[in-house]
2 protein chains.
Amino acid sequence: MEENEPKMLNYKGTKYPCCASLTMGLIGGKWKTVILYHLMHDTLRYSELRKTMPTVTERTLSLQLKALEEDGLIKRKVYTSKPPLKVEYSLTDFGKTLIPLIQSIADWGDYVVENYSDA
Amino acid sequence: MEENEPKMLNYKGTKYPCCASLTMGLIGGKWKTVILYHLMHDTLRYSELRKTMPTVTERTLSLQLKALEEDGLIKRKVYTSKPPLKVEYSLTDFGKTLIPLIQSIADWGDYVVENYSDA
DNA sequence: CGGGATCCCACTAGATACTG
DNA sequence: CAGTATCTAGTGGGATCCCG
């Protein structure tokens, strides 16, 4: 039998050409890792997340949170039904499997800053 | 004293709000990690890289290779000056510091495929 | 307070054709 | 062989306004 197809990987309906790109598909983008990085330490409210990421816009934060939720990495808990809403975000069990990776990503970033930064 | 500025990190003239995003700025995007993943095992020629990534276009591969080179992660060696060109890409010493991270990214992707894939 | 709706721009990446 | 040129589509992300 022949296999010309590059045998794509599949997750949540999206196909990836290799295991590395699957990971990047889930945590890639400008903000997802930053969100995960902060949620890795604590459960946080929307407004708390915003404070840790002062340069993100509300819309973008919402979209990224939604994407992470759809990929099953974080969960969203609503505590009130009346206008002073309280929503908390935290990692799911699946999301927690990412912790060592996120930590490595952060560590390498630190390493670069210490050793190669042109700041 | 007060420190209102979110104290940005700096690398190669680009600023990042946190160490995790710095890393993602260097290895993020749809193809960079895939390239690094393949170069982590071997030095490869342009055409060999293409074979390992059948779905990327030539233009995109060129751009990503150039970006990785500019960030100092890979190096480009030209072996001929006449038309049958031979160019090899490999990791720099700096790029090699990423190997454990790339491996972790690939490993997590594999883990997801094995345990959560809907393929 | 926690977003959703809308509009817009810049950048990423694809398709195809061509060149040193 | 290893790219570049051009043209285009898709998407990430910003700004602003609005709503429960």
Side-chain angles (χ1 to χ4, degrees), chain A residues 6 8 12-18 20-21 24-36 38-39 43-71 74-90, chain B residues 6 13-18 21 24-35 38-39 43-71 74-90:
Chain A
M8 292 288 186
K12 297 265 181 185
T14 305
K15 288 169 179 290
Y16 302 94
C18 110
S21 69
M24 297 308 288
L26 295 192
I27 69 170
K30 192 169 174 181
W31 296 108
K32 285 187 188 172
T33 39
V34 184
I35 295 172
L36 292 170
H38 291 301
L39 288 183
T43 292
L44 291 176
R45 298 188 56 178
Y46 181 84
S47 52
E48 294 172 321
L49 267 176
R50 286 228 57 200
K51 270 170 227 155
T52 66
M53 304 157 58
T55 60
V56 76
T57 64
E58 312 208 343
R59 176 193 121 102
T60 299
L61 182 53
S62 285
L63 287 178
Q64 302 302 308
L65 285 169
K66 198 177 297 176
L68 288 170
E69 194 188 353
E70 279 169 10
D71 282 333
I74 67 175
K75 59 190 166 210
R76 180 175 182 276
K77 254 193 193 158
V78 187
Y79 286 93
T80 54
S81 57
K82 302 204 188 320
L85 284 191
K86 178 176 174 182
V87 182
E88 280 187 350
Y89 292 93
S90 58
Chain B
T14 305
K15 289 170 179 291
Y16 302 94
C18 111
S21 69
M24 297 309 287
L26 296 191
I27 70 171
K30 193 168 174 182
W31 295 109
K32 284 186 188 174
T33 38
V34 184
I35 295 172
H38 290 301
L39 288 182
T43 291
L44 290 175
R45 300 186 56 177
Y46 180 86
S47 53
E48 292 172 323
L49 268 174
R50 287 227 57 198
K51 269 170 228 154
T52 66
M53 304 157 59
T55 59
V56 75
T57 64
E58 313 207 344
R59 179 191 120 98
T60 300
L61 182 53
S62 284
L63 287 178
Q64 301 303 308
L65 286 169
K66 200 174 298 177
L68 288 170
E69 196 189 351
E70 279 169 11
D71 281 335
I74 67 175
K75 59 191 165 209
R76 182 176 179 274
K77 255 193 191 158
V78 187
Y79 286 94
T80 55
S81 56
K82 302 201 189 319
L85 285 191
K86 179 176 176 181
V87 182
E88 280 188 351
Y89 291 93
S90 58

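A, B, ... follow the sequence lines: proteins, then strands. Residue 1 opens every chain. Both backbone and side-chain heavy atoms feed into the values below; hydrogens, waters and symmetry mates do not.
- In the set C:dA13, D:dG14, D:dA2, D:dG14 carries the atom at the smallest distance from any side-chain atom of A:Trp31.
- Using a 4.0 Å heavy-atom distance criterion, A:Lys66 is classed as a sugar-phosphate-only contact.
- In this structure, the CG atom of A:Leu44 is 11 Å from the P atom of C:dG2, given to the nearest Å.
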Next item on the list: For side chain to side chain contact (heavy atoms under 4.5 Å, CB included), just list the numbers for A:Leu26 and A:Tyr16, CA-CA rounded to whole Å, side-chain angles, deciding distance to a tenth of an Å, and then say yes or no.
Entry: CA-CA 11 Å; A:Leu26 295 192; A:Tyr16 302 94; 4.2 Å; yes
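- D:dT6 atom P lies 12 Å from atom CZ of B:Arg59, rounded to whole Å.
- Among B:Val78, B:Leu49, B:Thr43, B:Leu39, the single residue meeting the side chain to side chain contact (heavy atoms under 4.5 Å, CB included) criterion with B:Glu88 is B:Thr43.
- Residue B:Arg76 is the one, among B:Arg76 and A:Leu85, whose nearest nucleotide of DNA chain D lies closer to the 5' end (criterion: closest heavy atom).
- Counting only heavy atoms from C-beta on, A:Val56 has its side chain closest to D:dG14 among C:dC1, D:dG14, C:dG3.
- We find that NZ of B:Lys51 is positioned 14 Å from P of D:dG3, with the value rounded to whole Å.
- For B:Thr57, the side-chain atoms get nearest to C:dA15 when compared with the rest of C:dA15, D:dG3, D:dC1.
- Mapped onto DNA chain D by nearest heavy atom, A:Leu63 and A:Pro84 fall at different nucleotides, with A:Leu63 at the one closer to the 5' end.
- As judged by a 4.0 angstrom heavy-atom cut-off over every strand, B:Tyr89 is placed among residues touching the sugar-phosphate backbone only.
- When every heavy atom of A:Ile27 is checked against every heavy atom of A:Lys32, the shortest pair comes out as O-CB, 3.6 Å.
- Using a 4.0 Å cut-off, no side-chain N or O of A:Gln64 falls inside it from OP1 or OP2 of D:dG12.
- Residues B:Tyr89 and B:Lys75 fail the side-chain proximity criterion, which asks for heavy atoms closer than 4.5 Å.
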